[in-house]
Amino acid sequence: KQLEIALRERGASAVSFRISGDDSAESIAAVVRRDVLLGVVNPSVLLALAARGIPPFRGPQPVGLIGVLPSPDRLVVAFRPDLPVSSLEEVGDARHPLRLSLRAQPNNSIHLVLDHVLQAAGWSIGDLYSWGGSTSFDDGLPSRGRRLAMAAAGEVDAIIDEGSGTWVEHACAAGLRIAALAPTTVDRLASWGYRAATLSPDNFPSLQRDVATIDFSGFALFVHAEAPGTLVTAVCAALDRRSERIVLQSAASLQISDLVGGGNGAPLPVAFHPAAKAYWREAGHLSR
(Lines give C-alpha, C1' and ligand atoms only; values in the text may rest on other atoms or scores of the structure.)
Protein backbone atom coordinates (compact mmCIF):
# COMPACT_ATOMS: atom_id res chain seq x y z
CA LYS A 1 0.00 0.00 0.00
CA GLN A 2 1.08 3.57 -0.62
CA LEU A 3 0.93 5.89 2.37
CA GLU A 4 0.24 9.58 2.78
CA ILE A 5 0.02 11.30 6.15
CA ALA A 6 -1.34 14.84 6.49
CA LEU A 7 -1.27 16.83 9.73
CA ARG A 8 -2.97 20.15 10.42
CA GLU A 9 -3.26 22.46 13.39
CA ARG A 10 -6.40 21.96 15.44
CA GLY A 11 -9.25 23.88 13.82
CA ALA A 12 -7.20 24.81 10.75
CA SER A 13 -8.18 23.92 7.20
CA ALA A 14 -4.69 23.94 5.70
CA VAL A 15 -2.31 21.01 6.07
CA SER A 16 0.89 21.99 7.87
CA PHE A 17 2.87 18.74 7.43
CA ARG A 18 2.53 16.05 4.80
CA ILE A 19 4.51 12.82 4.30
CA SER A 20 4.20 10.85 1.07
CA GLY A 21 5.64 7.48 0.04
CA ASP A 22 5.55 6.41 -3.60
CA ASP A 23 7.03 3.98 -6.09
CA SER A 24 6.93 6.62 -8.82
CA ALA A 25 8.56 9.98 -9.44
CA GLU A 26 5.41 11.78 -8.30
CA SER A 27 6.66 12.07 -4.71
CA ILE A 28 9.68 14.01 -6.01
CA ALA A 29 7.45 16.45 -7.88
CA ALA A 30 5.27 16.85 -4.79
CA VAL A 31 8.26 17.70 -2.59
CA VAL A 32 9.68 20.12 -5.16
CA ARG A 33 6.26 21.85 -5.36
CA ARG A 34 6.34 21.97 -1.52
CA ASP A 35 3.01 20.12 -1.36
CA VAL A 36 4.83 17.46 0.66
CA LEU A 37 7.50 18.15 3.28
CA LEU A 38 8.96 14.63 3.54
CA GLY A 39 8.98 12.19 0.64
CA VAL A 40 9.95 8.55 0.21
CA VAL A 41 10.79 7.13 -3.21
CA ASN A 42 12.03 3.81 -4.61
CA PRO A 43 14.49 3.24 -6.16
CA SER A 44 16.74 5.88 -4.65
CA VAL A 45 18.39 6.53 -8.03
CA LEU A 46 15.33 8.54 -9.03
CA LEU A 47 16.68 11.31 -6.79
CA ALA A 48 19.99 11.25 -8.66
CA LEU A 49 18.16 11.59 -11.97
CA ALA A 50 16.07 14.44 -10.56
CA ALA A 51 19.07 16.32 -9.17
CA ARG A 52 20.83 16.05 -12.55
CA GLY A 53 17.75 17.08 -14.52
CA ILE A 54 17.71 13.86 -16.56
CA PRO A 55 14.40 13.65 -18.50
CA PRO A 56 11.58 13.39 -17.69
CA PHE A 57 12.77 15.87 -15.04
CA ARG A 58 12.89 19.37 -16.48
CA GLY A 59 16.16 20.69 -15.17
CA PRO A 60 17.90 19.95 -11.87
CA GLN A 61 15.41 19.46 -9.04
CA PRO A 62 16.13 20.89 -5.55
CA VAL A 63 16.16 17.80 -3.33
CA GLY A 64 18.09 17.03 -0.15
CA LEU A 65 18.64 13.61 1.38
CA ILE A 66 17.67 12.45 4.87
CA GLY A 67 18.79 8.84 4.37
CA VAL A 68 18.05 5.64 2.47
CA LEU A 69 16.22 2.64 3.88
CA PRO A 70 18.10 -0.50 2.74
CA SER A 71 16.33 -2.63 0.14
CA PRO A 72 18.79 -4.56 -2.07
CA ASP A 73 17.43 -4.92 -5.59
CA ARG A 74 18.45 -5.18 -9.25
CA LEU A 75 16.78 -4.71 -12.62
CA VAL A 76 16.07 -8.08 -14.27
CA VAL A 77 15.67 -8.87 -17.97
CA ALA A 78 14.45 -12.43 -18.66
CA PHE A 79 14.11 -13.95 -22.15
CA ARG A 80 12.61 -17.18 -23.42
CA PRO A 81 15.56 -19.40 -24.38
CA ASP A 82 14.35 -20.15 -27.91
CA LEU A 83 14.53 -16.53 -29.12
CA PRO A 84 17.01 -15.65 -31.90
CA VAL A 85 18.19 -12.70 -29.75
CA SER A 86 19.86 -12.90 -26.35
CA SER A 87 20.04 -9.29 -25.16
CA LEU A 88 18.21 -5.97 -25.34
CA GLU A 89 20.94 -4.66 -27.63
CA GLU A 90 20.41 -7.56 -30.06
CA VAL A 91 16.65 -6.89 -30.04
CA GLY A 92 17.37 -3.42 -31.39
CA ASP A 93 20.02 -4.51 -33.85
CA ALA A 94 17.75 -7.22 -35.30
CA ARG A 95 14.55 -5.16 -34.98
CA HIS A 96 13.08 -8.26 -33.41
CA PRO A 97 9.29 -8.10 -32.77
CA LEU A 98 9.62 -8.91 -29.08
CA ARG A 99 6.49 -9.56 -27.04
CA LEU A 100 7.32 -7.90 -23.74
CA SER A 101 5.56 -8.26 -20.37
CA LEU A 102 5.67 -5.13 -18.20
CA ARG A 103 4.20 -4.04 -14.88
CA ALA A 104 0.57 -3.01 -15.18
CA GLN A 105 0.82 -0.03 -12.80
CA PRO A 106 1.38 2.80 -15.30
CA ASN A 107 3.19 5.23 -12.98
CA ASN A 108 5.49 2.68 -11.34
CA SER A 109 9.13 3.77 -11.48
CA ILE A 110 10.03 0.63 -13.44
CA HIS A 111 8.61 2.28 -16.57
CA LEU A 112 10.76 5.41 -16.21
CA VAL A 113 13.85 3.25 -15.63
CA LEU A 114 12.96 0.97 -18.55
CA ASP A 115 12.67 3.94 -20.91
CA HIS A 116 16.22 4.93 -19.94
CA VAL A 117 17.55 1.37 -20.25
CA LEU A 118 16.09 0.94 -23.72
CA GLN A 119 17.36 4.36 -24.79
CA ALA A 120 20.84 3.38 -23.61
CA ALA A 121 20.50 0.08 -25.51
CA GLY A 122 19.60 1.95 -28.70
CA TRP A 123 15.83 1.66 -29.08
CA SER A 124 12.48 2.50 -27.49
CA ILE A 125 9.04 1.02 -26.91
CA GLY A 126 7.85 3.08 -29.89
CA ASP A 127 10.53 1.46 -32.05
CA LEU A 128 9.42 -1.96 -30.82
CA TYR A 129 5.85 -1.25 -31.92
CA SER A 130 7.07 0.00 -35.32
CA TRP A 131 8.75 -3.32 -36.14
CA GLY A 132 5.81 -5.47 -35.00
CA GLY A 133 6.60 -6.04 -31.34
CA SER A 134 4.12 -5.66 -28.51
CA THR A 135 3.80 -5.04 -24.80
CA SER A 136 1.38 -6.53 -22.31
CA PHE A 137 0.79 -4.78 -19.01
CA ASP A 138 0.37 -7.49 -16.41
CA ASP A 139 -0.47 -7.27 -12.73
CA GLY A 140 2.19 -7.49 -10.05
CA LEU A 141 5.73 -8.71 -9.85
CA PRO A 142 6.57 -11.73 -12.02
CA SER A 143 6.55 -13.96 -8.93
CA ARG A 144 2.84 -13.26 -8.57
CA GLY A 145 0.04 -13.77 -11.03
CA ARG A 146 0.61 -15.33 -14.47
CA ARG A 147 3.62 -13.51 -15.90
CA LEU A 148 6.12 -16.37 -15.57
CA ALA A 149 3.53 -18.87 -16.76
CA MET A 150 2.82 -16.63 -19.77
CA ALA A 151 6.49 -16.70 -20.73
CA ALA A 152 6.80 -20.45 -20.18
CA ALA A 153 3.72 -21.01 -22.36
CA GLY A 154 5.06 -18.81 -25.15
CA GLU A 155 2.48 -16.06 -24.72
CA VAL A 156 5.22 -13.45 -24.16
CA ASP A 157 8.90 -13.50 -25.08
CA ALA A 158 10.44 -11.48 -22.28
CA ILE A 159 9.80 -9.99 -18.85
CA ILE A 160 11.51 -6.88 -17.50
CA ASP A 161 10.97 -5.85 -13.89
CA GLU A 162 12.59 -5.19 -10.52
CA GLY A 163 12.17 -7.10 -7.25
CA SER A 164 15.01 -9.41 -8.27
CA GLY A 165 15.02 -11.34 -5.01
CA THR A 166 11.43 -12.44 -5.55
CA TRP A 167 11.59 -13.88 -9.05
CA VAL A 168 15.04 -14.61 -10.55
CA GLU A 169 15.12 -18.17 -9.22
CA HIS A 170 11.50 -18.73 -10.28
CA ALA A 171 12.28 -17.42 -13.77
CA CYS A 172 15.21 -19.82 -14.12
CA ALA A 173 13.03 -22.69 -12.92
CA ALA A 174 10.48 -21.76 -15.59
CA GLY A 175 13.19 -22.09 -18.24
CA LEU A 176 13.83 -18.38 -18.83
CA ARG A 177 17.29 -16.96 -19.45
CA ILE A 178 18.44 -13.93 -17.45
CA ALA A 179 20.01 -11.50 -19.94
CA ALA A 180 22.89 -9.14 -19.26
CA LEU A 181 23.11 -5.48 -20.26
CA ALA A 182 26.04 -4.68 -22.56
CA PRO A 183 28.94 -2.68 -21.07
CA THR A 184 28.16 0.25 -23.38
CA THR A 185 24.57 0.30 -22.13
CA VAL A 186 25.64 0.19 -18.48
CA ASP A 187 28.24 2.92 -19.05
CA ARG A 188 25.69 5.21 -20.67
CA LEU A 189 23.24 4.66 -17.83
CA ALA A 190 26.01 5.36 -15.31
CA SER A 191 26.69 8.70 -17.00
CA TRP A 192 23.08 9.66 -16.21
CA GLY A 193 23.31 8.68 -12.54
CA TYR A 194 22.55 4.95 -12.44
CA ARG A 195 24.81 2.47 -10.65
CA ALA A 196 26.19 -0.63 -12.31
CA ALA A 197 25.29 -3.88 -10.53
CA THR A 198 25.36 -7.63 -11.02
CA LEU A 199 23.09 -10.57 -10.47
CA SER A 200 25.47 -13.10 -8.95
CA PRO A 201 25.35 -16.89 -8.54
CA ASP A 202 26.24 -16.21 -4.90
CA ASN A 203 22.73 -14.80 -4.45
CA PHE A 204 20.97 -16.68 -7.25
CA PRO A 205 22.33 -20.25 -7.48
CA SER A 206 20.51 -20.96 -10.75
CA LEU A 207 22.71 -18.46 -12.59
CA GLN A 208 25.83 -19.83 -14.26
CA ARG A 209 27.77 -16.54 -14.15
CA ASP A 210 27.52 -12.91 -13.09
CA VAL A 211 24.92 -10.98 -15.09
CA ALA A 212 25.53 -7.26 -15.65
CA THR A 213 22.60 -4.97 -14.87
CA ILE A 214 21.81 -1.80 -12.90
CA ASP A 215 20.93 -1.19 -9.28
CA PHE A 216 17.29 -0.74 -8.24
CA SER A 217 17.89 -0.48 -4.49
CA GLY A 218 16.82 1.76 -1.67
CA PHE A 219 13.88 3.74 -0.36
CA ALA A 220 15.18 7.31 -0.18
CA LEU A 221 13.82 9.69 2.46
CA PHE A 222 14.17 13.24 1.20
CA VAL A 223 13.04 16.84 1.49
CA HIS A 224 13.22 20.02 -0.54
CA ALA A 225 16.80 21.31 -0.63
CA GLU A 226 15.57 24.46 1.10
CA ALA A 227 13.44 22.71 3.73
CA PRO A 228 13.69 24.35 7.18
CA GLY A 229 16.59 23.01 9.21
CA THR A 230 14.38 22.64 12.29
CA LEU A 231 12.07 20.31 10.37
CA VAL A 232 14.92 18.22 9.02
CA THR A 233 16.56 17.96 12.45
CA ALA A 234 13.26 16.82 13.96
CA VAL A 235 12.84 14.14 11.29
CA CYS A 236 16.39 12.86 11.87
CA ALA A 237 15.89 12.82 15.64
CA ALA A 238 12.64 10.87 15.27
CA LEU A 239 14.36 8.27 13.09
CA ASP A 240 17.26 8.06 15.52
CA ARG A 241 15.07 7.57 18.59
CA ARG A 242 12.67 5.10 17.02
CA SER A 243 14.93 3.15 14.67
CA GLU A 244 14.32 -0.12 16.51
CA ARG A 245 10.62 0.16 15.60
CA ILE A 246 11.38 0.46 11.87
CA VAL A 247 11.47 -3.08 10.51
CA LEU A 248 13.16 -3.65 7.15
CA GLN A 249 12.32 -6.21 4.47
CA SER A 250 14.99 -8.43 5.99
CA ALA A 251 12.93 -8.44 9.24
CA ALA A 252 15.82 -6.69 11.03
CA SER A 253 15.39 -3.36 12.79
CA LEU A 254 16.84 -0.31 11.09
CA GLN A 255 20.38 0.66 12.03
CA ILE A 256 21.07 4.35 11.47
CA SER A 257 24.50 3.45 10.13
CA ASP A 258 22.66 1.58 7.33
CA LEU A 259 20.37 4.55 6.72
CA VAL A 260 23.23 7.01 6.17
CA GLY A 261 26.25 4.84 5.31
CA GLY A 262 25.60 4.14 1.62
CA GLY A 263 25.99 0.38 2.08
CA ASN A 264 24.45 -2.56 0.28
CA GLY A 265 20.88 -1.87 -0.72
CA ALA A 266 21.02 1.77 0.34
CA PRO A 267 22.96 3.83 -2.23
CA LEU A 268 23.11 7.55 -1.45
CA PRO A 269 21.91 9.27 -4.64
CA VAL A 270 22.31 12.95 -3.70
CA ALA A 271 23.89 15.09 -1.00
CA PHE A 272 22.40 15.16 2.46
CA HIS A 273 20.35 18.21 3.39
CA PRO A 274 22.79 20.37 5.44
CA ALA A 275 20.72 19.97 8.62
CA ALA A 276 20.57 16.20 8.16
CA LYS A 277 24.31 16.01 7.64
CA ALA A 278 24.89 18.09 10.76
CA TYR A 279 22.56 15.95 12.86
CA TRP A 280 24.00 12.62 11.71
CA ARG A 281 27.52 13.90 12.35
CA GLU A 282 26.76 15.21 15.82
CA ALA A 283 24.94 11.99 16.70
CA GLY A 284 28.03 9.98 15.69
CA HIS A 285 26.42 8.23 12.73
CA LEU A 286 28.35 10.01 10.00
CA SER A 287 32.09 10.45 9.94
CA ARG A 288 32.48 12.74 6.95
message: Please tell me whether Asp138 and Ser101 have a donor and an acceptor in their side chains that are separated by less than 3.5 angstrom.
response: yes
- request: Could you check Arg33 against Glu26 for salt bridge (charged side-chain N to carboxylate O under 4.0 Å, His left out), going step by step and ending with a plain yes or no?
  value: CA-CA 11 Å; Arg33 290 194 307 266; Glu26 173 53 31; 3.1 Å; yes
- request: In plain terms, say whether Glu155 and Arg80 are close enough for a salt bridge, that is, a side-chain N and a carboxylate O under 4.0 Å apart.
  value: no
query: When you look at Arg146 and Asp139, which way does the salt bridge (charged side-chain N to carboxylate O under 4.0 Å, His left out) test go after all the steps?
result: CA-CA 8 Å; Arg146 293 194 60 250; Asp139 286 337; over 6 Å; no
message: Distance alone, cut at 3.5 Å: any donor-acceptor contact between the side chains of Glu89 and Thr185?
response: yes
query: Below 4.5 Å, heavy atoms only, C-beta onward: do Tyr279 and His273 meet side chain to side chain?
result: no
query: Is Pro43 close to Glu162 at the side-chain level, that is, under 4.5 Å between some pair of heavy atoms?
result: no
message: Counting only heavy atoms from other residues, nucleotides and ligands, does the tally under 6.0 Å from CZ of Arg8 exceed 12?
response: yes
task: Scan side-chain atoms only and decide if Asp157 and His96 contain a donor-acceptor pair under the 3.5 Å cut-off.
output: no
- prompt: How about Ser164 and Asp73: does a side-chain donor come under 3.5 Å of a side-chain acceptor?
  reply: yes
- request: Hey, could you give me the CZ/CD1 distance between Arg103 and Ile110, rounded to the nearest 0.5 Å?
  value: 6.5 Å
message: Whether the Glu244 and Ser253 side chains hold a donor-acceptor pair (N or O, under 3.5 Å, no angle test) is what I'd like checked.
response: no
